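Report on the following structure.
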Amino acid sequence: MTDRSQMPLPLAGAPSPLRRPPPQSRKELAVRAAGLHGRTVGEVATALGCELPTESRRGKGFIGQLAERALGADPAAGDRPDFPDLGVELKTIPMRRDIPVESTFCCSVTMATADTQLWESSRLRQRLGCVLWLPVDGVDVAALAERRFGRALLWEPSDRQLAQLRADWEDLIGALGSGRAVGGHEGQILQLRPKAADASVRTLAPADGGAALARPMGFYLRASFTATILADAR
DNA sequence: TCGTGATCATCT
DNA sequence: AGATGATCACGA
């Protein structure tokens with residue numbers, strides 16, 4: 001049997017950006033991710049034939065999508081995990097001296113049904129079942145191409161972490177479900193923030209006695225929580 | 001248009 | 001400086 005995952009990465013100059021085949025197991029995924037350790041964004045982009053964004057403002061999400069290609073994530077996963085067959089979600093995380101710099105977007109909130117959702121079947125619960133964290137160093141030190149992949153961590157939340165997540169989720173979704181506006185200051189390890197193309201976007205959400213238009217929101221993990229996850233593994 | 005990939009930029 | 005709210009790119 002041919003193991004395509006062990007084939008050398010293609011050279012630059014390919015007609016279109018390449019994507020590696022999906023990994024067949026979590027083990028294989030972990031091995032691939034380990035292979036990125038120490039490589040720069042520029043090296044990996046060249047190997048896959050990806051062009052680097054020219055302005056930093058235009059580069060949002062680039063490293064995440066590059067990592068998806070390098071590891072063989074399913075581009076059509078939609079709101080399923082990035083590796084649907086493995087139940088694994090991929091998150092690149094910008095680091096500064098071993099500390100996460102930013103919060104981590106997890107998923108959007110279906111505002112209209114915020115009053116009837118349950119934790120166990122929630123989008124957040126599904127997406128955080130197993131996460132491959134891929135640190136990327138040099139966020140404020142190096143140009144995009146010089147930033148370097150760190151040591152990946154395949155993580156499943158502990159019972160305690162799951163309880164923390166659930167408690168925050170229930171508080172936050174409960175507030176939305178009751179028609180209350182929620183800002184980023186609420187939640188111990190999770191937060192709700194606006195998530196839309198711009199500040200004018202509105203969607204239908206529960207309101208006192210009915211429904212009203214509100215800003216679409218997304219769940220984010222606070223950087224302080226992500227720091228504990230990554231620190232536990234070191 | 002929505003959801004996912006995040007980072008940017010302003011305010012405190 | 002850190003955190004919150006705003007914004008940019010892409011694919012289905």
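Each chain gets a letter, A, B and so on, in the order the sequences are listed, and its residues count up from 1. No experiment lies behind these values; they were computed from the predicted model shown.
In this structure, CG of A:L128 is placed 12 Å from P of B:dT4, rounded to the nearest angstrom. We find that CZ of A:R96 is positioned 10 Å from P of C:dA1, with the value rounded to whole Å. Atom CG in A:L190 sits about 15 Å away from atom P in C:dA3, given to the nearest Å. Atom CZ of A:F105 is separated from atom P of B:dC2 by 14 Å (rounded to the nearest Å). Look at CG on A:L204: it is 15 Å from P on B:dT1, rounded to the nearest Å. When rounded to the nearest whole Å, the span between CE of A:M111 and P of B:dG3 equals 11 Å. Per the geometry, CG belonging to A:L221 stands 15 Å off C1' belonging to C:dA3, to the nearest Å. Here B:dG5 presents its C1' atom at 12 Å from CZ of A:R19, a figure rounded to the nearest Å.
Comparing A:R202 and A:D82 by the nucleotide of DNA chain B whose heavy atom lies nearest to each, the residue mapping closer to the 5' end is A:R202.
Proximity of a side-chain donor or acceptor of A:K91 to a complementary backbone N or O of A:F105 within less than 3.5 Å is detected. Under the 3.5 Å distance criterion, the side-chain polar atoms of A:T113 are left unmatched by any main-chain donor or acceptor of A:T116. When atom types are taken as modelled, the side chain of A:E68 and the backbone of A:Q65 share no donor-acceptor pair closer than 3.5 angstrom.
Counting any heavy atom pair closer than 4.0 Å across all strands shown, A:T203 reaches no nucleic acid atom. Within 4.0 Å of A:P94, counting heavy atoms only, lie sugar-phosphate atoms of the nucleic acid but no base atom. Residue contacts for A:E89: at a heavy-atom cut-off of 4.0 Å it reaches the sugar-phosphate backbone alone, with no base atom in range.
Annotation: A:R166, atom CZ; neighbour count of heavy atoms from other residues, nucleotides and ligands within 6.0 Å is above 12.
Looking at A:F149 and A:V41, their side chains come closer than 4.5 Å, going by heavy atoms from C-beta outward. Taking 4.5 Å as the limit, some side-chain heavy atom of A:V88 sits within range of a side-chain heavy atom of A:R26.
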**OP:** For nucleotides 5-12 of chain C, just jot down a letter per nucleotide in 5' to 3' order: B, S or -, based on protein non-hydrogen atoms under 4.0 Å.
**Re:** BBBBS---
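Contact check, A:R127 against B:dT4: a side-chain N or O comes under 4.0 Å of OP1 or OP2. Regarding contacts with the backbone of B:dT7, every side-chain N or O of A:S56 stays at 4.0 angstrom or more from both OP1 and OP2. Between A:R80 and the phosphate of B:dG3, there is no side-chain N or O to OP1/OP2 separation shorter than 4.0 Å.
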**OP:** Start with the C-alpha distance between A:L176 and A:L192, add both sets of side-chain angles, then the distance that settles side chain to side chain contact (heavy atoms under 4.5 Å, CB included), and finish with yes or no.
**Re:** CA-CA 10 Å; A:L176 288 183; A:L192 278 173; 3.7 Å; yes
